[in-house]
Amino acid sequence: MSRDPVIWVSSIVTIIAFSYLFKENELYKAVEHLYVGVAAGYTLVMGYNNVVSKVWTPLTRDKNFVVLIPAILGLMLYVPYISKQYSWVKRIPIAAIVGIGMALTARTQIMQQFIGQIKATVGPVKSINSLIILLGTVGTLCYFLFTLKPSLPVKTGSEIGKWTIMVTLGAAFGAGIMGRISLLIDRMFLIFRDWIPLIKVR
Amino acid sequence: MGFFEKLGQIDTRIIYVLFILAILIPLVTPLGLPVTVSQHTKQTYEIVNSLQPGDTVIIDIGISYSGAGDVLPQTVAMLKHLMAKDVKVIFTGVQMDSSKIIEDLIRPYEEAGKQYGVDFCNLGYLAGGENAIAAYARDLRKAYPLDSRGNSTDTLAILQTVNSAKDANMFIFFSTQNADMYVRQIAEYQVPIVGGLIATIAPQAEPYLHAGQLKGMLVGLRGAAEYETMMESPGIGVASMDAQSIAHLLIIFFIVIANISYFATRGRTQPAKEASQ
């Protein structure tokens, strides 16, 4: 058995978390609350470290006063908790966050996800995969055509689209299962390798 | 209750126990099932293998602990490959857990004699998600005045020649979130992008690979196993594949059982339901 207390705690907590699969119990509820508390504490510590490394140190050591602008904008988010009268102040940093985020995303989204993807889809069909992607894309677009009268080409395209969507959902579901099993395998390594040395792989 | 009805109503706790055994037994007594390498992984291995000693790559660790079991093994495998090739690595992160994960990743190499600040550095977590990626891709030292150990980034030798995504020889990201924000913010710098993704989100990133916006992609634990096979250095990934395969077979078995039960009892249960209504 491991002598590391961290391994002991994480293994026991994992087993208690899994106990929910059999029946909800008091230990599970306790672990659930523990998790919420630890996550909140962890976020607080990370937030504090972020303020120290990105604001306090550059300000005091490097005399970089520019960092005061985002710091003040960040503090403005907390005004509604102090004064209801001035709660509108929070709209300024929110507008900045949304505006900058939108601008950054919209510009590159058009270039990479819109034009880049269209170019790759309609480009020369060099392989069977390219043909399937082209047919699947056109078919899926046909499936979502609601304003045209359903003619034979649209109906055919729509049918191809329906199958494409089903295959896509199946692939996503399969990948989802694979990912979840990987996480369970990881927990098995913790309990049966790091805690109880049954699995020999390092 | 007939046989087929019973088949469709197996106690889920029995399924859970069978599932745990299906994973545990192959881990304890490996079956040695062969691992075939997909085209994605071959492509990824080849592009990483084309890096030369002294080249510098940026690796963004967008991994949270909740999804680390699926993505971390591929990160470990690729880092081993990069370190063996003497490639320099600048670590960044957009997840709160990034700093700690990076420290755990680099510790063995630091103990083995690789030099912090020269062979690699940990810039740590930068808040802001996609905005953070856009900021450090443009100017690493400006986005990160300090690294995660409190050193001024102006003093790190590795950052004197590489200060943005366009200066790097490759941009690699490992993510439990998505690939979209990396492609959106990094592709314009014309640097080869390689991604390692959690299996659940990998299908959404396939179009980027097809379009050439991603030059390589590893998918979950399976990707780690394939990468380890390419490196001829089996690790956690290869060791997990027997368990992964047996668990998948068990799921397929229960899907078949459920469908047999459904189709065999469909005609019989319908009138009963109607009668109760």
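Protein chains get the first letters and strands the later ones, always in sequence-line order, with residue 1 at the start of each. Values below: every heavy atom of this structure, side chains too, minus hydrogens, waters and symmetry copies.
Between A/I185 and B/A243 the shortest heavy-atom distance is CD1-CB, 4.0 Å. When all heavy atoms of A/I181 and B/A247 are compared, the closest pair comes out as CD1-CB, 3.8 Å. Among all heavy-atom pairs drawn from A/I199 and B/L27, the shortest one is CG2-O, 3.5 Å. For B/P203 against A/A175, the heavy-atom pair with the smallest separation is CG-CB, 3.7 Å. A/L198 and B/V28 make their closest contact through O-CG1, 3.9 Å (heavy atoms, listed as atom of the first residue, atom of the second, distance).
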| query | Run the side-chain contact (heavy atoms from CB on, under 4.5 Å) check on A/R180 and B/T200 step by step: do they pass? | reply | CA-CA 8 Å; A/R180 300 306 169 202; B/T200 42; 4.0 Å; yes
| message | What verdict does the side-chain contact (heavy atoms from CB on, under 4.5 Å) test give for B/Y144 and A/S53, after you've listed the backbone C-alpha separation in whole Å, the side-chain angles of each residue and the deciding distance to 0.1 Å? | response | CA-CA 8 Å; B/Y144 285 100; A/S53 66; over 6 Å; no
| said: Using side chain to side chain donor-acceptor pair (under 3.5 Å), reason through A/Q113 and B/Y208 one step at a time and then give a plain yes or no. | reply: CA-CA 8 Å; A/Q113 288 180 301; B/Y208 299 128; 2.6 Å; yes
| said: I'd like to know whether A/R193 forms a side-chain contact (heavy atoms from CB on, under 4.5 Å) with B/I236, so could you lay out the CA-CA distance, the side-chain angles of the two residues, the decisive distance to 0.1 Å, and finally the verdict. | reply: CA-CA 12 Å; A/R193 184 191 63 178; B/I236 293 287; 2.9 Å; yes
| Do A/N49 and B/Y125 pass the side chain to side chain donor-acceptor pair (under 3.5 Å) test, and can you show the C-alpha distance, the side-chain angles, and the key distance before you say yes or no? | CA-CA 10 Å; A/N49 285 343; B/Y125 165 59; over 6 Å; no
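When each of A/A120, A/P58, A/A171 is checked for heavy-atom pairs under 4.5 Å with chain B, A/A120 comes out on top. Counting heavy-atom pairs under 4.5 Å between each of B/G124, B/G129, B/S152, B/G212 and chain A puts B/S152 at the top. Counting heavy-atom pairs under 4.5 Å between each of B/L24, B/V71, B/T12, B/I198 and chain A puts B/L24 at the top. Chosen from B/Q204, B/E206, B/E130, the residue pairing most often with chain A at heavy-atom distances under 4.5 Å is B/E130. Options A/R61, A/M178, A/K54, A/R107 differ in how many heavy-atom pairs under 4.5 Å they form with chain B, and the most are formed by A/M178. For the set B/A187, B/A143, B/G150, the entry with the most heavy-atom pairs within less than 4.5 Å of chain A is B/A187.
Interface residue B/I23: only side-chain heavy atoms are found under 4.5 Å from chain A. Using a 4.5 Å cut-off between heavy atoms, B/D97 contacts chain A through both its backbone and its side chain. Neither the backbone nor the side chain of A/T168 comes within contact range of chain B; no heavy atom of the residue lies under 4.5 Å from a heavy atom of that chain. Contact of B/I251 with chain A is made through the side chain alone, with heavy-atom distances under 4.5 Å. There is no contact between A/I191 and chain B, counting heavy-atom distances below 4.5 Å. Neither the backbone nor the side chain of B/S148 comes within less than 4.5 Å of any heavy atom of chain A. Using a 4.5 Å cut-off between heavy atoms, A/F192 touches chain B through its side chain atoms alone. When heavy atoms are compared at a cutoff of 4.5 Å, B/A202 does not approach chain A at all.
The environment of A/Y35 atom OH is sparse: at most 12 non-hydrogen atoms of other residues, nucleotides or ligands sit within 6.0 angstrom. Atom OH of A/Y143 is surrounded by 12 or fewer heavy atoms from other residues, nucleotides or ligands within 6.0 Å. Taking a 6.0 Å sphere around OH of B/Y65, one finds it holds more than 12 heavy atoms contributed by other residues, nucleotides or ligands. A 6.0 Å sphere centred on CE of A/M111 holds more than 12 heavy atoms belonging to other residues, nucleotides or ligands. By the neighbour-count criterion of 12 heavy atoms within 6.0 Å, atom CZ of A/F22 is densely surrounded, having more than that number from other residues, nucleotides or ligands. Counting non-hydrogen atoms of neighbouring residues, nucleotides and ligands closer than 6.0 angstrom, the CZ atom of B/F254 exceeds 12 such neighbours.
At a threshold of 4.5 Å between non-hydrogen side-chain atoms, the residues A/L21 and B/R13 do not count as touching. Annotation: side chain of B/M181 is not in contact with side chain of A/L104 (no heavy-atom distance under 4.5 Å). Proximity of A/T105 to B/R184: side-chain heavy atoms (C-beta onward) are separated by under 4.5 Å at one or more points. Side-chain contact between B/I20 and A/M188 is present, with heavy atoms from C-beta onward closer than 4.5 Å.
Looking at A/S182 and B/Q244, their side chains do bring a donor and an acceptor atom within 3.5 Å of each other. Judged purely by distance below 3.5 Å, without hydrogens or angles, the side chains of A/Q117 and B/Q213 pair a donor atom with an acceptor atom.
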